[in-house]
Undergrad: 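Take a look at this one; I'll ask things after.
To find a chain, count down the sequence lines: A is the first, B the second, and so on, and within it residues start at 1. Note that these values count all heavy atoms, side chains included, but never hydrogens, waters or copies made by symmetry.
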There are 2 protein chains.
Amino acid sequence: MDKNDTYILERQVGFVMRRAVQRHIAIFSALIPEMTPTQFAALAKLCELGQASQNELGRLTSMDVATIKGVVDRLRSRELISSAPLESDKRRLMLAPTRKGRAMYRKYVAQATEVSRQTLAPLDDGEQRQLVQLLERII
Amino acid sequence: MDKNDTYILERQVGFVMRRAVQRHIAIFSALIPEMTPTQFAALAKLCELGQASQNELGRLTSMDVATIKGVVDRLRSRELISSAPLESDKRRLMLAPTRKGRAMYRKYVAQATEVSRQTLAPLDDGEQRQLVQLLERII
DNA sequence: CATAATTTGTTTGTGTACTAATAGACTGTG
DNA sequence: CACAGTCTATTAGTACACAAACAAATTATG
């Protein structure tokens with residue numbers, strides 16, 4: 001009856017996005033083998049801000065409390081960021097990039113741009129902008 | 001010097017895709033609380049095919065060997081799929097949906113379409129098609 | 001036919017992501 | 001001031017995702 005009553009997995013946004021993310025992560029880890037995309041995102045945001053509480057950093061990088069804790073733990077164990085409880089609010093754990101963390105960020109920031117470039121390479125400039133804009137609207 | 005020498009996390013495809021996937025998964029689990037998107041994908045594909053080996057199912061749903069194993073284990077422990085070694089090729093584990101699995105698929109297939117609809121709801125019809133097509137090209 | 005290469009599935013380890021429960025610290029209101 | 005509600009961080013549990021190493025079965029090749 002309906003022209004579209006079959007469910008075609010391959011055409012569902014969720015499925016296609018999952019595959020696109022897979023490819024993106026593969027490109028990322030080829031170009032930036034020392035870090036995951038999530039770790040780089042947290043480090044980049046922290047370098048941009050100078051410092052932030054763990055919770056704040058999680059919100060700004062779209063990671064929930066449990067996720068950001070794991071990411072921060074791993075970055076800290078590699079001495080890319082430092083942490084200290086805040087005197088004026090003892091609930092908060094203030095984070096800052098270490099010298100080593102800043103160096104790591106500087107080392108890879110150009111590569112990170114290249115990751116985005118390669119991910120979008122099959123599209124022309126207009127299409128690239130369009131894709132990012134459409135994605136931003138369904139967030 | 002350059003007009004774009006700062007790295008803006010929020011504008012990177014990877015970051016935006018990650019957030020879009022997060023929203024999609026939230027919609028999915030609100031509408032289909034009994035299963036994850038991945039589990040539904042595997043079950044749907046298996047219902048479409050009738051049967052498949054574990055490896056085959058993994059390839060068709062874009063899950064690597066370790067991932068598909070976990071997904072299959074969980075579906076099997078809930079008796080949504082059955083498995084049996086293939087006589088003619090003893091390496092292969094043939095999978096098929098159980099009656100219960102088929103019922104589960106039928107129960108949620110309309111909801112799965114609704115998940116895609118809600119995920120794309122902020123866009124008009126043309127934009128929805130465009131987004132999916134652009135994503136397909138960067139896979 | 002024998003052996004090398006490939007395919008399939010399993011296991012281990014690491015990392016992301018979410019839920020739910022908990023505890024301690026802070027804030028607001030009565 | 002007290003105490004209820006909120007915020008921050010931690011912990012435990014489940015699930016996806018990938019890499020690497022392995023064993024068993026099959027296929028290809030000399």
Undergrad: Could you run down the sub-3.5 Å N/O contacts of the protein with nucleotides 4-7 of chain D?
TA:
from: D:dC7; atom 1: O4'; to: A:Arg91; atom 2: NH1; distance (Å): 3.4
from: D:dC7; atom 1: O2; to: A:Arg91; atom 2: NH1; distance (Å): 3.2

Undergrad: In whole angstrom, give the distance that lies between atom CD of B:Gln54 and atom P of C:dT11.
TA: 11 Å

Undergrad: What does A:Asp89 touch in the nucleic acid at a heavy-atom separation under 4.0 angstrom: a base, only the sugar-phosphate, or nothing?
TA: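 Counting heavy atoms under 4.0 Å across all strands, the contact made by A:Asp89 is with sugar-phosphate only.
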
Undergrad: Starting from P on D:dG13, measure out to CZ on B:Arg74 and report it in whole angstrom.
TA: 16 Å

Undergrad: Side chain of B:Ala66: nearest nucleotide among D:dA25, C:dG9, D:dC18?
TA: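 Out of D:dA25, C:dG9, D:dC18, the nucleotide with an atom closest to B:Ala66's side chain is D:dC18.
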
Undergrad: Just to be sure I understand the geometry, which residues of residues 75-85 of chain B put a non-hydrogen atom under 4.0 Å away from DNA chain C?
TA: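 Contacts with DNA chain C under 4.0 Å: none.
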
Undergrad: How is B:Lys90 classified with respect to the nucleic acid when contacts are heavy atoms under 4.0 Å: base, sugar-phosphate, or nothing?
TA: sugar-phosphate

Undergrad: If you assign each of A:Val65 and B:Lys69 to its closest nucleotide in DNA chain C, which residue comes earlier from the 5' end?
TA: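 The answer here is B:Lys69.
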
Undergrad: Indicate yes or no: at least one non-hydrogen side-chain atom of B:Leu75 is less than 4.5 angstrom from one of B:Leu95.
TA: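 They are not in contact (no side-chain heavy atoms under 4.5 Å apart), so the answer is no.
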
Undergrad: Check for a donor-acceptor pair, side chain of B:Gln51 on one end and backbone N or O of B:Ala96 on the other, with a separation under 3.5 Å.
TA: no

Undergrad: For the helix from C:dC1-D:dG30 to C:dG30-D:dC1, figure out the bend between the end axes, five pairs an end, and round to 10 degrees.
TA: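 Terminal axis comparison yields 10°.
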
Undergrad: What is the distance from CD of B:Glu56 to P of C:dT8, rounded to the nearest Å?
TA: 8 Å

Undergrad: Heavy atom of residues 113-122 of chain A under 4.0 Å from DNA chain C: which residues?
TA: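 Close to the strand, none.
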
Undergrad: Verify the distance criterion only: is there a donor paired with an acceptor across the side chains of B:Ser116 and A:Gln12 at less than 3.5 Å?
TA: yes

Undergrad: Assess whether a salt bridge exists between A:Glu114 and A:Arg117, defined as any Lys/Arg side-chain N lying under 4.0 Å from an Asp/Glu carboxylate O.
TA: yes

Undergrad: Could you state the CG-C1' distance from B:Leu86 to D:dT26, rounded to the nearest angstrom?
TA: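 Taking CG of B:Leu86 and C1' of D:dT26, I get 12 Å after rounding.
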
Undergrad: Which nucleotide wins on minimum distance to the side chain of A:Leu93, given the candidates C:dG9, C:dT11, D:dA9?
TA: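 From the listed options, D:dA9 comes nearest.
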
Undergrad: For B:Ile68 and C:dT8, give me the distance from atom CD1 to atom P, rounded to whole Å.
TA: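 After rounding, the reported distance stands at 14 Å.
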
Undergrad: Checking A:Thr98 side chain against A:Leu80 main chain: does a donor-acceptor pair fall under 3.5 Å?
TA: yes

Undergrad: What is the distance from CG of B:Asp64 to C1' of C:dT11, rounded to the nearest Å?
TA: 13 Å

Undergrad: So if I take residues 14-49 of chain B and measure heavy-atom distances to DNA chain D, which residues fall below 4.0 Å?
TA: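 Here the set is B:Thr36, B:Thr38, B:Gln39.
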
Undergrad: For the pair B:Asp73 and B:Lys69, find out whether any cationic side-chain nitrogen is under 4.0 Å from an anionic carboxylate oxygen.
TA: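 A salt bridge is present here (some side-chain N lies under 4.0 Å from a carboxylate O).
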
Undergrad: Which salt bridge (charged side-chain N to carboxylate O under 4.0 Å, His left out) pairs, counting each pair once, include a residue from residues 15-26 of chain B, with sequence neighbours left out?
TA: none

Undergrad: Roughly how far, to the nearest 0.5 Å, is the CD1 atom of A:Ile139 from the OG atom of A:Ser62?
TA: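 Rounded to the nearest 0.5 Å, the OG-CD1 separation comes out at 7.5 Å.
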
Undergrad: Would you mind telling me which of B:Lys100, B:Arg74, B:Lys107 makes a salt bridge (Lys or Arg N to Asp or Glu O under 4.0 Å) with B:Glu34?
TA: B:Lys107

Undergrad: Nearest whole Å is fine: how far is D:dA17 C1' from B:Met63 CE?
TA: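 It works out to 10 Å between those atoms.
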
Undergrad: Nearest whole Å is fine: how far is D:dT11 C1' from A:Asp73 CG?
TA: 11 Å

Undergrad: For the atom pair CZ (B:Arg92) and CD (B:Gln54), what is the distance rounded to the nearest 0.5 Å?
TA: 12.5 Å

